[in-house]
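So the structure is just underneath, and the comments pick up after that.
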Protein chains: 2
Amino acid sequence: MDEPRWLTDAEQDVWRTFVTMLGALGDHMDRQLQRDSSMPYTYYEILVVLSHAPNRMLRMSELAGLRGSSRSRLSHAVARLEAQGWVERRECPTDKRGSLAVLTDAGFAALAAAAPGHVTTVREAVFDRLSPEQVRDLGRISAAILDGLDPDKTLPGCRELG
Amino acid sequence: MDEPRWLTDAEQDVWRTFVTMLGALGDHMDRQLQRDSSMPYTYYEILVVLSHAPNRMLRMSELAGLRGSSRSRLSHAVARLEAQGWVERRECPTDKRGSLAVLTDAGFAALAAAAPGHVTTVREAVFDRLSPEQVRDLGRISAAILDGLDPDKTLPGCRELG
DNA sequence: CCGAGCAAGTTGAGAGTTCAACCAGTAGAC
DNA sequence: GTCTACTGGTTGAACTCTCAACTTGCTCGG
């Protein structure tokens, strides 16, 4: 195993702060939604994506793709959302293997009820604390990182144990 | 429920990108560590913190505080790490309620084996993709967000249903 | 000393995620 | 047509995290 390029002290500082913020922010958002609307953040996002889709309806795999979620995760999640009456499954007419997830009226109502509190939380936690330049920077930084993650899913040159 | 200040289109874009990056990066880091070193990222971080502590030993609550983790979570995690032989629990001599978590030699070795791959992943996923200014910005932005999250743990003015 | 209250940790149940295995249905090659 | 390979989606077990009890021990006013 070759020595990797270790992080400088400054980089370590940034990484620690970043990772801590990541965890704390995730917890914060999750707790707010769970407390006020009885749903985890990931489920909220599923409802959001469905609400924007034509006829509030999407194939499972499209939904998974748009959310960056695994098929399995989505399947479990939709099962739960279906049990709550917020989503319905329907057969796909053009491909008998497929399933369609449809947002119900109850689901739309739940989303509408959850949205204001969620947006307020996002605003207070993030946008109200950053300057316009920082917001712009955050967008670019996020895009740059995401760009390197999205395509491959697997690590480039990191597999040479032995 | 008053109308919240909704996000502008630009803010929504940033938020979506940011959140997507958050999830993808977390998955990426977790998967790498799980695959190459059979531990989730949160456990890796516990080992790191312990390895920096005097005598590689910390009170459970200190460890939880340093990691921003709940007592319960840490207790479960240490139980698991203990079963793997990477950490040991000891009684606290000054407070019989307390527990000390101690990093074992095996734990230190596991950490040493995991570190290079982890650092390489961090470098490739984040630091190699950002300019020095962006790295600095990321640190400041993270600190600003964290700053608003750390103290209260509860939402400021977001509880007025009815 | 004693009791009330608080702090440190653990535990168990419930919920979400992952991974690997698994059906079913589609698509191409022949 | 049929055989094979692949895709869409589900399922079950193992694992982690959360939340709410619960146990134990410390602390401090009386």
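Chain naming here is simple, since letters A, B, ... match the order of the sequence lines and numbering starts at 1 in each.
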Under the side-chain hydrogen bond (donor to acceptor under 3.5 Å, both in side chains) test, which residues partner R73(A), sequence neighbours left out? none
Does the side chain of D30(B) pick up a donor-acceptor pair with the side chain of Q34(B) at under 3.5 Å? no
What residues, two or more places apart in sequence or in another chain, satisfy side chain to side chain contact (heavy atoms under 4.5 Å, CB included) together with T17(B)? S142(A), A143(A), L146(A)
Cut-off 3.5 Å, no hydrogens considered: what does the side-chain donor-acceptor table look like for residues 43-56 of chain A, sequence neighbours left out?
from, atom 1, to, atom 2, distance (Å)
E45(A), OE1, R67(A), NH1, 3.2
E45(A), OE2, Y41(A), OH, 3.4
S51(A), OG, V48(A), O, 2.7

Going by the rule salt bridge (Lys or Arg N to Asp or Glu O under 4.0 Å), which residues pair with R16(A) if we only count those two or more places apart in sequence or in a different chain? none
Per-nucleotide protein contact along nucleotides 16-25 of chain D, 5' to 3', at a 4.0 Å heavy-atom cut-off (B base, S sugar-phosphate only, - neither), is SSBB----BB
Would you mind classifying the nucleic acid contact of S99(A) as base, sugar-phosphate or nothing, using non-hydrogen atoms under 4.0 angstrom? sugar-phosphate
First contact, last contact: which nucleotides of DNA chain C are these for chain B, 5' to 3', heavy-atom distance under 4.0 Å? dA7(C) to dC19(C)
Which pairs, with at least one residue in residues 108-123 of chain A and sequence neighbours excluded, count as a salt bridge (charged side-chain N to carboxylate O under 4.0 Å, His left out)? R123(A)-D128(A), R123(A)-E11(B)
If the condition is salt bridge (Lys or Arg N to Asp or Glu O under 4.0 Å), which residues does E62(B) pass it with, not counting sequence neighbours? none
Results of side-chain hydrogen bond (donor to acceptor under 3.5 Å, both in side chains) for S131(A) - residues two or more places apart only: E133(A)
By a strict heavy-atom criterion of less than 4.0 Å, which residues belonging to residues 44-64 of chain B are in contact with DNA chain D? none
Starting at CG of L100(A) and ending at P of dG8(D), how long is that distance when rounded to a whole Å? 14 Å
By side chain to side chain contact (heavy atoms under 4.5 Å, CB included) - contacts of V122(A) (at least two apart): M29(A), H118(A), F127(A), L7(B), W15(B)
Give the table of side-chain donor-acceptor pairs shorter than 3.5 Å for residues 95-114 of chain B, with sequence neighbours excluded, one pair per line with atom names and distance.
from, atom 1, to, atom 2, distance (Å)
D95(B), OD1, R97(B), N, 3.0
D95(B), OD1, R97(B), NE, 3.1
D95(B), OD2, R97(B), NE, 3.4
D95(B), OD2, R97(B), NH2, 2.8
T104(B), OG1, G85(B), O, 2.7
T104(B), OG1, W86(B), O, 3.1
T104(B), OG1, A106(B), N, 3.4
T104(B), OG1, G107(B), N, 2.9

